[in-house]
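Quick notes on the structure that follows.
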Amino acid sequence: MSETNNKNEGRMEAIVSLCKRRGFIFPGSEIYGGLAGTYDYGPLGVALKKNIQASWYKKFVEDRDDIFPIDAAILMNPKAWEASGHVSGFSDPLVECVKCHNRFRADHIEIIDGVQHCPNDNGILGASRQFNMMFKTQIGATEDPTSITYLRPETAGGMFVNFKNVIDSLHPKLPFGLAQTGKAFRNEIAPRDFVFRMREFEQMEIEYFCHESKWEEVFESLRTDFNSWLISLGLSKELIHEVEIGEKDRAFYSKRTIDFEFDFPIGQKELAGLAYRTDYDLTQHSEFSKTDLSYFDEESKERFIPHCIEPSIGVERAFLAVLSSAYKEEVVGEETRTVLSFVPSIAPIQIAVLPLSKKEELSIPAKEIVKTLKKIARVQYDETQSIGKRYRRQDEIGTPYCVTVDFDTLTDKAVTVRDRDTMLQERVKIVDLDNYLLEKLS
Ligand code: ATP
């Protein structure tokens, strides 16, 4: 067995094509010609996305005692976006081609001899201007400036505005964090690279609050926890790069930022960010809302505005990193097989049960096995086409184990379990099957 297309050439195209062919991700509104910057998840994509989110939730919320979930509304009072600085400053530099009038993000285009050229027709690009990326919308039936609000460009805001609600209801002691997953919207000037840069996407964010004196130790522990979570998704260590962001490239309120960059097929790019946001957000929201967002420490009798560290990641970038790590083409004999080598915990389907024939004498016991295995795993039953084709199909959607029910099963009460990665097969008694697979999947 040897590997073929695991280099970057054509890899992104191969992944995009597999996503469509097997029902992971489709272009948004495709039958109407699409809508730039939007994608829709298909059945397997939904499963993979949910499993990635569940693994984040387990690691950072369920397995800890100090991080609590929030699920705030997407629409917020517009004053919250004034307070956070998004109304005045959430913008990217935009340039327009004087010939074709296509628009681009100025910081994505090389400057040659002091001039930027249009990637479309090589025309000269005009002077850059700031373009606010928030989607405006209108609340209620009247169309006047007071009815304007925005689709949230990040989930963080909902956690800052609920800081006091959590303190007053749960009474957590500092340090503690709030965690939220949900949709975010950015009117990106140039959405591109599949789901890497979209206009509607999902984020998984944590706002972790502490006393100013503790920010460095919190930052360090979130950094290592975040890194180990990325590795638990099956991302190889060597492909993750922690990049220290220099002062001039950091947001003005951040005193330290690390980007977790990843070797995507499109190059080394930001997968996630970890930022020390100081007390900027709670201070701003205190001022704009005229609500005291300070914290009183019973032990030290000190009242202060907590400082905040934020690990933030886009679900789709995590999804793309997982897919591009897992995607392999291998030459097996005369054929090439495509495999998604997902770690079992996030694989959309963990076990496929395949009767060798559609005949009832095999399909009935196979369906019984499905019923039992569904208690321990995500299971799919498949009886169509030849067994070889079914193995290839399961390899391509990343199913770690296939259980084949054949005519010998009727007498020896055993099935064949095939391992996706090694393709080795083992005969296992049906009575032992759930324990055997449970161990393999853990
Ligand atoms: P970039 O520099 O790539 O535009 P950013 O620094 O603006 O990203 P943040 O504001 O830090 O991104 O957002 C946190 C995370 O949300 C990012 O690390 C990324 O995973 C994700 N994200 C941001 N913008 C997009 C987008 N347009 N499409 C998909 N994911 C995104």
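For clarity, every value in this text was computed on a predicted model and none was experimentally measured. One-based numbering, in listed order, for ligands and for the atoms of each. Along the sequence shown, residues are numbered consecutively beginning with 1. Just so it is clear, the values below take in all heavy atoms, side chains as well, and ignore hydrogens, waters and symmetry mates.
Proximity to Leu271 (heavy-atom distance under 4.0 Å) selects the following atoms of ligand 1: 18 (O), 19 (C), 20 (O). Of all the atoms in ligand 1, the ones that sit under 4.0 Å from a non-hydrogen atom of Ala272 are 18 (O).
The side chain to side chain donor-acceptor pair (under 3.5 Å) test applied to Glu207 returns no partner, not counting sequence neighbours.
In this structure, atom 15 (C) of ligand 1 lies nearest to the protein heavy atom Ser312 OG, 3.7 Å. Of the protein's non-hydrogen atoms, the one nearest atom 22 (N) of ligand 1 is Phe201 CE1, 3.6 Å. Shortest contact from atom 7 (O) of ligand 1 to any protein heavy atom: Arg186 NH1, 3.2 Å. When only non-hydrogen protein atoms are considered, atom 19 (C) of ligand 1 lies nearest to Arg317 NH1, 3.6 Å. Counting only heavy atoms of the protein, atom 4 (O) of ligand 1 lies nearest to Arg197 NH1, 2.8 Å. Protein heavy atom at the shortest distance from atom 17 (C) of ligand 1 is Glu270 OE2, 3.3 Å. Protein heavy atom closest to atom 28 (N) of ligand 1, with residue, atom name and distance, is Met198 N, 2.9 Å. In this structure, atom 16 (O) of ligand 1 lies nearest to the protein heavy atom Gln203 NE2, 3.2 Å.
Residue contact check for ligand 1: Glu316 places no non-hydrogen atom closer than 4.0 Å to it. Contact annotation: Phe196 has at least one heavy atom less than 4.0 Å from an atom of ligand 1.
Below 3.5 Å of separation, one finds an N or O of Gly314 facing an N or O of ligand 1. Taking distance alone, with nitrogen or oxygen atoms compared against 3.5 Å, Glu205 stays at or beyond that limit from ligand 1.
Ring geometry for Phe68 against Phe176 counts as tilted: the plane angle lies between 30° and 60°, on a 0 to 90° scale. Between Phe90 and His86, the ring planes lie tilted relative to each other; the angle falls in the 30° to 60° range. Using cut-offs of 30° and 60° for the angle between ring planes, the Trp56 and Phe60 rings count as tilted.
Ile111 CD1: 12 or fewer foreign heavy atoms inside a 6.0 Å radius.
With ring centers used as reference points, Phe262 lies under 6.0 Å from Phe264.
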query = Between Lys164 and Thr291, does a side chain to side chain donor-acceptor pair (under 3.5 Å) hold up when you go through it step by step?
reply = CA-CA 9 Å; Lys164 185 170 169 8; Thr291 306; over 6 Å; no
task = Go through Phe163 and Tyr295 one step at a time and tell me if the ring pair (Phe, Tyr, Trp, His ring centres under 6.0 Å) criterion holds.
result = CA-CA 10 Å; Phe163 177 78; Tyr295 172 86; 7.4 Å; no
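A donor atom on one side chain and an acceptor atom on the other are found under 3.5 Å apart for Ser236 and Glu238.
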